[in-house]
Number of protein chains: 2
Amino acid sequence: MKTTVGDWTESFLGTRNLPRRVRDKLLHEARVVSYKQGQQVFGPDNIPDSLMFLHVGRIRVSQSSDAGREIVLYRVEAGESCVLTTACMLSEEAYNAEGIAETDVTAITLPRTSFDRLAAEEDSFRGFVFSAYSRRLIDLLRVVDDVAFGRMDVRLAERLLALGEGHSEIQATHQALANELGTAREVVSRILNDFQKRGLILQTRGRITLQNKPQLERLANSA
Amino acid sequence: MKTTVGDWTESFLGTRNLPRRVRDKLLHEARVVSYKQGQQVFGPDNIPDSLMFLHVGRIRVSQSSDAGREIVLYRVEAGESCVLTTACMLSEEAYNAEGIAETDVTAITLPRTSFDRLAAEEDSFRGFVFSAYSRRLIDLLRVVDDVAFGRMDVRLAERLLALGEGHSEIQATHQALANELGTAREVVSRILNDFQKRGLILQTRGRITLQNKPQLERLANSA
DNA sequence: TACTCTTCAGTGACAATGTCACTTAACGCA
DNA sequence: TGCGTTAAGTGACATTGTCACTGAAGAGTA
């Protein structure tokens, strides 16, 4: 997973449709950072002082409770920006979300001063950042809606369908699914066993096979 | 609740520490809007195409479910900006949050083009908007944390203390408190009755008296 | 005062979810 | 093959959500 500078800036900035001028400015001040899969990219004890643009890979942003439960807030994909770190940088407030590299990750970081200047000088850059903020706000609205009003079986069905998109085999432990949804492993186990009894899925250790996607979809859309 | 232009711009822009130059620009392009207490300021069927700055009053931003339950996401106070509308304006995505005027409200709105230009030209304005976004992100993190991991009695105790700050009399129906917390009236009733049995509060129709704040605080901080 | 209406709160049964303290099963590997 | 580790199952119980009601308090009115 090695890339040259010319390589990644092409692909990264290409996807964003930023003009060459902006790209060059970014390049001039940015630094490249890499993380291995599973590494923490940021967290309560590790608040970065720069803005991050993800080039390769995926970051899972989640929040965890004192009791050890966890819920996934959203994922940052290649070509997107992780504004949460920026938010904290700007608002100086504490938060207990963390970002974990779900794959090997390459990103570029922009120091705050450069960020400020680029935001001032380049419309396209500023628009990019604003819309990144907006998307995350909307993401979080969705999470609140799900957690506050959604049924767990429905949410789990949604998650399974998302994970099994294109195929029907999912590699995930009950614990991992619980961490996605912010619930306890036992709850996931109960619901999955129910799904299995109903013929919707098939389970073996660490693996789930979707047997009846249409039915799962009906369930997922029933709320 | 009538104010002259000179009046409200003084106080509004004063609190934000925006320079006079920025104030004048804002003034030039902004329009003043007012809402009566209880009116909807924005909602799913009513997405504004401009950025809003609250001058007088308070807006309650909440999300509601199909089943009729409701949860308060945050409140916009005088001097703050309501970025959720901006977020939707920018991201063009659907959402089901709405803003209700909790008091009579006066705000100024800035058309999108003016917003863009001001963001480009004025550092202080841009910083204001970024930090408004940041604050809301953090607010929502808190909501997610509460809803996903918090106990209802703890959250209710917190809410009671917040509402009873400075005094000890709260005017609120069980239903209203349920809507704050995203739960059902019956749940609030149960917990409040328990609080009363324990001597923490006293209830009459539509009114709650806090009898033992220290104990309530202990409860509120016990998670 | 007594009657009616409306809103607010209480109740009991049950379902869904969360918690706890375990046990059992599957796999990786020496 | 046995061992240690991780994944999953289990039953009891607490908390929270839902439903269909009943009862109670206050506002207005005759």
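A, B, ... follow the sequence lines: proteins, then strands. Residue 1 opens every chain.
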Is it the case that the base of [N] and the side chain of [X] share a donor-acceptor contact (distance under 3.5 Å, atom types as modelled)?
X: A:Arg190; N: C:dG18; value: yes
X: B:Arg185; N: C:dG10; value: yes
X: A:Arg205; N: D:dT6; value: yes

Tell me: [atom1] of [X] to [atom2] of [N], nearest whole Å?
X: A:Arg151; N: C:dG18; atom1: CZ; atom2: C1'; answer: 15 Å
X: B:Gln175; N: D:dA24; atom1: CD; atom2: P; answer: 21 Å
X: A:Arg207; N: C:dA26; atom1: CZ; atom2: P; answer: 16 Å
X: B:Phe195; N: C:dG10; atom1: CZ; atom2: P; answer: 14 Å
X: A:Leu181; N: C:dA16; atom1: CG; atom2: P; answer: 17 Å
X: B:Ile71; N: D:dG17; atom1: CD1; atom2: C1'; answer: 14 Å
X: A:Leu156; N: C:dT17; atom1: CG; atom2: C1'; answer: 13 Å
X: B:Leu192; N: C:dC8; atom1: CG; atom2: P; answer: 15 Å

Legend entry - N/O donor-acceptor pair under 3.5 Å between B:Arg126 side chain and B:Ala119 backbone: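 Yes; judged by distance alone, with no hydrogens or angles, the pair exists.
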Legend entry - Test item: A:Gln37 side-chain N/O and A:Glu102 main-chain N/O as donor-acceptor pair under 3.5 Å: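 It does hold such a pair.
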Inset, instruction - Quick one: do A:Gln196 and A:Ile208 satisfy side chain to side chain contact (heavy atoms under 4.5 Å, CB included)? Show the steps, please. - result: CA-CA 10 Å; A:Gln196 185 161 34; A:Ile208 297 168; over 6 Å; no
Legend entry - A:Gln196 or A:Ala148, whichever maps to the more 5' nucleotide of DNA chain D: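 Comparing both residues, the 5'-ward one is A:Gln196.
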Of the listed nucleotides ([options]), which one gets closest to any side-chain atom of [X]?
X: A:Asn193; options: D:dG9, D:dT16, D:dT6; result: D:dG9
X: B:His174; options: C:dA13, C:dT17, C:dG10; result: C:dG10
X: A:Met152; options: C:dT17, D:dG17, D:dT15; result: C:dT17
X: A:Ile191; options: D:dA24, D:dT16, C:dT17; result: C:dT17
X: A:Val187; options: C:dG18, D:dT6, D:dG26; result: C:dG18

Legend entry - Shortest non-hydrogen contact between B:Phe149 and A:Arg69, atoms and distance: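 Nearest pair, atom of B:Phe149 first, then A:Arg69: CE2-CB, 3.7 Å.
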Legend entry - Shortest non-hydrogen separation from A:Ser168 to A:Lys213 and the atoms involved: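 Nearest pair, atom of A:Ser168 first, then A:Lys213: OG-CE, 3.3 Å.
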Reckon [X] has a side-chain N or O less than 4.0 Å from the OP1 or OP2 of [N]?
X: B:Ser189; N: C:dA9; result: no
X: A:Thr183; N: C:dG18; result: yes
X: B:Thr173; N: C:dC8; result: no

Legend entry - Along DNA chain C (nearest heavy atom to each residue), the more 5'-positioned of A:Glu186 and A:Gly150: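 Nearer the 5' end of the strand: A:Gly150.
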Inset, instruction - With side chain to side chain contact (heavy atoms under 4.5 Å, CB included) as the test, would you mind laying out the steps for B:Asn96 and B:Gln63 before giving the verdict? - result: CA-CA 6 Å; B:Asn96 55 343; B:Gln63 196 168 37; 2.9 Å; yes
